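Every heavy atom of this structure was used, including side-chain atoms; hydrogens, water molecules and symmetry mates were not. The model shown is predicted, which means the values in this text are computed figures rather than measured ones.
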Amino acid sequence: MKIRVGHLYPDYLNIYADRGNMAVLAQRASWRGHDLEVRAVSMGDALQSGEHDLLYVGGGQDREQALVAVDLAAKAGAVHDAVARGAALLAVCGGYQLLGQFYRERDGVELPGIGLFPLHTIAGERRMIGDVLLDCEWAGQTLAGFENHAGRTRLDEGASPLGRVVHGFGNDGESGFEGCRVGRAVGTYLHGPLLPRNPWLADWLLAQALAHANGGEPPELEPLGDELEAEAHGVAAGRARARGGRF
């Protein structure tokens with residue numbers, strides 16, 4: 001089956017090896033006989049609801065976020081409608097922030113968000129950097145990755161985090177939450193890139209995208225031999241544990 005992916009602003013939001021997430025999704029889909037068709041959607045490009053099974057937004061610095069924020073706001077309706085209709089979505093770091101309600105920079109300038117995730121972000125003075133380990137109780141799994149952000153992201157009351165911080169900072173260094181989930185949409189600060197060391201999340205996203213593509217329920221994907229991926233996860237998780245505490 002063909003999985004249609006809309007990669008938002010790959011020419012602007014592309015730091016910290018986040019392009020590697022697309023490579024992982026493409027390969028894991030191919031191993032199971034599916035074709036990942038990736039279309040770049042950048043400044044001034046139309047985004048039509050229903051034409052993608054998965055949307056992806058990578059990370060960027062403040063300058064790049066400011067450049068795309070207004071254009072992304074113009075696409076807000078299409079993004080909201082796509083997720084409401086069952087499309088999957090992954091947003092990382094800067095993309096994650098812009099899919100909230102707003103991002104306020106240190107100089108007080110406020111970038112508009114599209115309000116997909118019930119959260120807002122305010123830049124802090126101190127960057128939060130290092131390996132992270134999350135407990136994703138909703139999936140019965142853990143996530144390991146690397147964070148590097150100054151933004152303090154606060155979830156609205158009742159919002160669902162991606163996971164609880166076991167080691168690392170997470171959204172704000174205080175709440176113990178990391179990321180956010182809305183339907184089949186996931187936002188997170190975890191770089192690295194995220195998916196090579198967390199194949200279960202890659203497969204979850206693929207299953208959600210396939211469900212949207214065929215109009216049914218998420219399929220149970222054929223297991224793959226993930227020995228190297230498990231080793232990479234273990235190394236990253238070990239580095240996070242070595243930090244010696246949650247914060």
Side-chain angles (χ1 to χ4, degrees), residues 8 13 15-18 20-21 24-25 54-60 65 79-80 83 87-103 113-124 127-209 233 236-237 240 243 246-247:
L8 274 65
L13 304 179
I15 60 173
Y16 298 128
D18 287 337
N21 290 322
V24 168
L25 290 170
L54 171 66
L55 296 174
Y56 176 62
V57 195
Q65 286 178 261
V79 176
H80 276 263
V83 172
L89 180 147
L90 174 62
V92 177
C93 202
Y96 168 46
Q97 293 172 343
L98 290 178
L99 266 62
Q101 293 149 3
F102 64 84
Y103 171 61
I114 68 169
L116 178 70
F117 294 125
L119 56 86
H120 66 274
T121 303
I122 298 175
R127 297 193 71 83
M128 296 185 284
I129 305 173
D131 291 280
V132 188
L133 182 63
L134 307 181
D135 177 16
C136 299
E137 186 177 351
W138 61 275
Q141 300 279 357
T142 59
L143 283 175
F146 189 87
E147 62 184 337
N148 183 356
H149 58 101
R152 271 59 172 167
T153 295
R154 311 285 183 179
L155 301 182
D156 291 356
E157 186 174 354
S160 297
L162 174 59
R164 288 188 173 271
V165 177
V166 179
H167 299 288
F169 293 102
N171 281 339
D172 55 15
E174 297 175 356
S175 65
F177 296 139
E178 206 290 322
C180 189
R181 292 186 298 119
V182 173
R184 291 172 173 163
V186 168
T188 181
Y189 276 115
L190 272 58
H191 292 290
L194 171 66
L195 297 182
R197 66 190 75 181
N198 298 287
W200 73 263
L201 183 59
D203 286 351
W204 183 86
L205 288 164
L206 287 174
Q208 308 309 308
H233 178 92
R243 298 179 69 172
R246 195 177 75 188
F247 305 134

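- For the pair Leu99 and Ala91, the tightest heavy-atom approach, listed with the atom from each and the gap, is CD2-CB, 4.0 Å.
- When every heavy atom of Gln208 is checked against every heavy atom of Ala88, the shortest pair comes out as CB-CB, 3.9 Å.
- By the side-chain hydrogen bond (donor to acceptor under 3.5 Å, both in side chains) test, Arg197 is found to be paired with no residue, residues two or more places apart in sequence or in another chain being considered.
- Leu13 contributes atom CG, which lies 10.0 Å from atom SG of Cys93 (distance to the nearest 0.5 angstrom).
- Residues forming a side chain to side chain contact (heavy atoms under 4.5 Å, CB included) with Phe102 (at least two apart in sequence, or on another chain): Arg104, Glu110, His120, Ile122.
- Checked against side-chain hydrogen bond (donor to acceptor under 3.5 Å, both in side chains), Arg127 has the following partners two or more places apart in sequence or in another chain: Asn148.
- Within the structure, the salt bridge (Lys or Arg N to Asp or Glu O under 4.0 Å) test picks out no pair touching residues 93-103 (sequence neighbours left out).
- One finds the OG1 atom of Thr121 at 8.5 Å from the CG atom of Leu98 (value rounded to the nearest 0.5 Å).
- Every side-chain hydrogen bond (donor to acceptor under 3.5 Å, both in side chains) that Tyr56 has, sequence neighbours left out, goes to Asn21.
- Not counting sequence neighbours, Arg181 has no partner by the salt bridge (charged side-chain N to carboxylate O under 4.0 Å, His left out) test.
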Take Val186 and Trp204, measure what side chain to side chain contact (heavy atoms under 4.5 Å, CB included) needs, and give me the verdict at the end. CA-CA 11 Å; Val186 168; Trp204 183 86; 3.7 Å; yes
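- For the ring-ring contact (aromatic ring centres under 6.0 Å, His included) test, residues two or more places apart in sequence or in another chain that qualify with His191 are Tyr16.
- Counting heavy atoms from C-beta outward, Leu25 and Leu54 have side chains that approach closer than 4.5 Å.
- Proximity of a side-chain donor or acceptor of Arg243 to a complementary backbone N or O of Asp131 within less than 3.5 Å is detected.
- In plain terms, the two heavy atoms of Gly95 and Val57 that are nearest each other are CA-CG1, 3.6 Å.
- Residues passing the side chain to side chain contact (heavy atoms under 4.5 Å, CB included) test with Leu155 are Tyr96, Leu119, Ala159, Pro161, Asn171, Phe177, Cys180, sequence neighbours excluded.
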Should Val24 and Leu194 be marked as a side chain to side chain contact (heavy atoms under 4.5 Å, CB included) after you check the CA-CA gap, both sets of side-chain angles, and the distance that decides it? CA-CA 10 Å; Val24 168; Leu194 171 66; over 6 Å; no
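- With sequence neighbours left out, Val83 forms a side chain to side chain contact (heavy atoms under 4.5 Å, CB included) with Leu89, Leu116, Ala185.
- Judged as a side-chain hydrogen bond (donor to acceptor under 3.5 Å, both in side chains), and not counting sequence neighbours, the contacts of Gln97 are Gln65, Tyr189.
- Nearest heavy atom pair, residue His80 against residue Ile114, reads NE2-O, 2.6 Å.
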- Please step through side chain to side chain contact (heavy atoms under 4.5 Å, CB included) for the pair Val132 and Leu134, ending with a clear verdict. CA-CA 7 Å; Val132 188; Leu134 307 181; 3.6 Å; yes
Could you list the donor-acceptor pairs under 3.5 angstrom formed by side chains in residues 135-144, with sequence neighbours left out?
residue, atom, partner, partner atom, Å
Trp138, NE1, Leu162, O, 2.8
Thr142, OG1, His233, NE2, 3.0

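- Here salt bridge (Lys or Arg N to Asp or Glu O under 4.0 Å) pairs that include residues 149-159, with residues two or more places apart or in two chains, are Arg154-Asp172, Arg154-Glu174.
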